[in-house]
Amino acid sequence: MRLLLIRHGQTPSNVKRLLDTAEPGPALTPLGQEQAAALPGALAEERIDALYASTLIRTQLTAAPLAARTGLEVRVRDGIRELSAGELEMRGDDQAVETYMTTAFAWSAGDTGLRMPGGEDGAEALRRYDAVVEEAAGTGAGTVAMVSHGAAIRMWAAARAENIDVHFASSRELRNTGVVILSGAPGEGWRVLHWEGRAVGAEDSGIEAAGPAGEPVEGADG
């Protein structure tokens, strides 16, 4: 299966760099609306067979132009929502963001028992995301698009893809409406093919982080 993991368009909380992860969450800014409208063109060469979005409003608004272009129903699933910030919700200070991202990437590295302060642990977060991916694979779709969230996408890809690691995912931005493309299947493994338009090879898995792990891009709400 070809899996397109798409970060939603810009929100007001992205602009303010806030950890905004609760439902239903904010809508898109005017720029975010433009980013969403540009997605069908950016993905014109992809033959998308199934389209998913999280339970947060921003992903559904981002998916709407793709749904209109493809004629697909948007399947709304809680499992691909953003990683819950718990006690860090709506904070934007450096300490909160560092704790949030460090915890998320610790999950990717295998410390799934670690709990976000006042929130979920890694086992819970991976289990819910895996469940939606498994559901999509079970439909028999060749290409699936999921409009999700920055931290959740980076955490899941680093945990599940065999050709990238935490260093790779934590040192690379995922801008609003950025796309990570994977190939694989549940139980068989995954490989990242492209990260925001850049082809990813086996040699990328050992790249060291170029900056602080999980440095947020346009806000940390995903």
**Study point:** Qualifying side-chain hydrogen bond (donor to acceptor under 3.5 Å, both in side chains) pairs with a residue from residues 132-142, counting only residues at least two apart or across chains
**Key:** Y52-E135, R77-E135
Review point. Minimum heavy-atom separation for A27 to L61, with atom names?
Key: CB-CD1, 3.7 Å
Practice item. Using modelled atom types only, decide if a donor and an acceptor are shared between the side chain of R191 and the backbone of S183 within a distance under 3.5 Å. Key: no
Practice item. Examine distances only and state if a side-chain atom of T62 and a backbone atom of G9 form a donor-acceptor pair shorter than 3.5 Å. Key: yes
Exercise for review: Please lay out, stage by stage, how E46 and R2 fare under the test salt bridge (charged side-chain N to carboxylate O under 4.0 Å, His left out).
Suggested key: CA-CA 10 Å; E46 298 286 349; R2 189 172 175 88; 2.9 Å; yes
Review point. Are side-chain heavy atoms of I164 and W195 found at a separation under 4.5 Å?
Key: yes
Check your understanding: With a 4.5 Å heavy-atom cut-off, do V180 and L182 have their side chains touching?
Key -> yes
Review point. Are I181 and M155 connected, step by step, through hydrophobic side chains (Ile, Leu, Val, Met, Phe, Trp, Tyr) whose heavy atoms are closer than 4.5 Å?
Key: no
Practice item. Let me see the working for R7 and S148 under side chain to side chain contact (heavy atoms under 4.5 Å, CB included), right down to the final yes or no. Key: CA-CA 5 Å; R7 188 185 178 201; S148 184; over 6 Å; no
Exercise for review: Could you list all the ring pair (Phe, Tyr, Trp, His ring centres under 6.0 Å) pairs where at least one residue sits in residues 62-97, not counting sequence neighbours?
Suggested key: none
Point to revise | Side-chain donor or acceptor of E87 paired with backbone N/O of G119 under 3.5 Å | key: no
Point to revise | ILVMFWY network linking I6 to M1, side-chain heavy atoms under 4.5 angstrom | key: no
Review point. Can you hop from M146 to L43 via hydrophobic side chains spaced under 4.5 Å?
Key: no
Check your understanding: Is I153 linked to L3 within one hydrophobic cluster, defined over Ile, Leu, Val, Met, Phe, Trp and Tyr using a side-chain heavy-atom separation of less than 4.5 Å?
Key -> yes
Review point. Do the side chain of T59 and the main chain of L56 share a donor and acceptor less than 3.5 angstrom apart?
Key: yes
Check your understanding: Within the side chain of E82, is there an N or O that forms a donor-acceptor pair under 3.5 Å with the backbone of A152?
Key -> yes
Check your understanding: Under 3.5 Å, is there a donor-acceptor pair between the side chain of R154 and the main chain of R172?
Key -> yes
**Study point:** Min side-chain heavy-atom separation T99-P117 under 4.5 Å
**Key:** yes
Check your understanding: Do you know the tightest heavy-atom contact between L19 and A85?
Key -> CB-CB, 4.2 Å
Exercise for review: Scan side-chain atoms only and decide if E89 and T21 contain a donor-acceptor pair under the 3.5 Å cut-off.
Suggested key: yes
Point to revise | Pairs meeting criterion salt bridge (charged side-chain N to carboxylate O under 4.0 Å, His left out) with involvement of residues 100-111, two or more places apart | key: none
Exercise for review: Can you see which heavy atom on L88 is nearest to which on A96, and at what distance?
Suggested key: CD1-O, 3.6 Å
Review point. Tell me, do P26 and T11 make a side-chain contact under 4.5 Å, heavy atoms counted?
Key: yes
Point to revise | Exam field: side chain R128 to backbone R81, donor-acceptor pair closer than 3.5 Å | key: yes
Exercise for review: May I ask you to test the V133-W156 pair for a side-chain heavy-atom distance under 4.5 Å?
Suggested key: yes
Practice item. Would you name the heavy atoms of L51 and A63 that are closest together and state the gap between them? Key: CD2-O, 3.8 Å
Review point. For S84, does its backbone N or O pair with a side-chain atom of E120 as donor and acceptor, under 3.5 Å?
Key: yes
Practice item. Verify the distance criterion only: is there a donor paired with an acceptor across the side chains of Q10 and T29 at less than 3.5 Å? Key: yes
Practice item. Report yes if the side chains of Y100 and M116 come closer than 4.5 Å at any heavy-atom pair, otherwise no. Key: yes
Review point. In Å and rounded to the nearest 0.5 Å, what is the CG to CG distance from D49 to L72?
Key: 7.5 Å
Check your understanding: Between E124 and R115, is there a side-chain N and carboxylate O pair less than 4.0 Å apart?
Key -> yes
Exercise for review: Could you verify whether a donor N or O on one side chain and an acceptor N or O on the other, from H8 and T177, lie under 3.5 Å apart?
Suggested key: no
Practice item. For the pair D121 (side chain) and L114 (backbone), establish whether a donor and an acceptor sit closer than 3.5 Å, ignoring hydrogens and angles. Key: no
Practice item. Mind listing the closest non-hydrogen atom pair of G79 and V132 along with its distance? Key: CA-CG2, 3.7 Å
Revision key, fill the gap. In this structure, OH of Y129 is separated from CG of D78 (nearest 0.5 Å) by 12.0 Å
**Study point:** Minimum heavy-atom distance L126-T112, with the two atoms named
**Key:** CD1-CG2, 3.8 Å
Point to revise | Hydrophobic cluster identity match, L4 and V76, side-chain contacts under 4.5 Å | key: yes
Practice item. Would you check if the side chain of D20 reaches a backbone N or O of S13 as a donor-acceptor pair within less than 3.5 Å? Key: no
Point to revise | Test side chain to side chain contact (heavy atoms under 4.5 Å, CB included) applied to I48 and L66, step by step | key: CA-CA 9 Å; I48 299 171; L66 272 177; 4.2 Å; yes
Exercise for review: Could you check if a side-chain atom of L174 sits within less than 4.5 angstrom of a side-chain atom of E196, using non-hydrogen atoms only?
Suggested key: yes
Practice item. To the nearest 0.5 Å, tell me how far T55 OG1 sits from E23 CD. Key: 3.5 Å
Exercise for review: Step by step, work out the side chain to side chain contact (heavy atoms under 4.5 Å, CB included) result for V200 and L193.
Suggested key: CA-CA 5 Å; V200 177; L193 303 179; over 6 Å; no
Review point. Thinking salt bridges, do R127 and D130 make one under a 4.0 Å N-O criterion?
Key: no
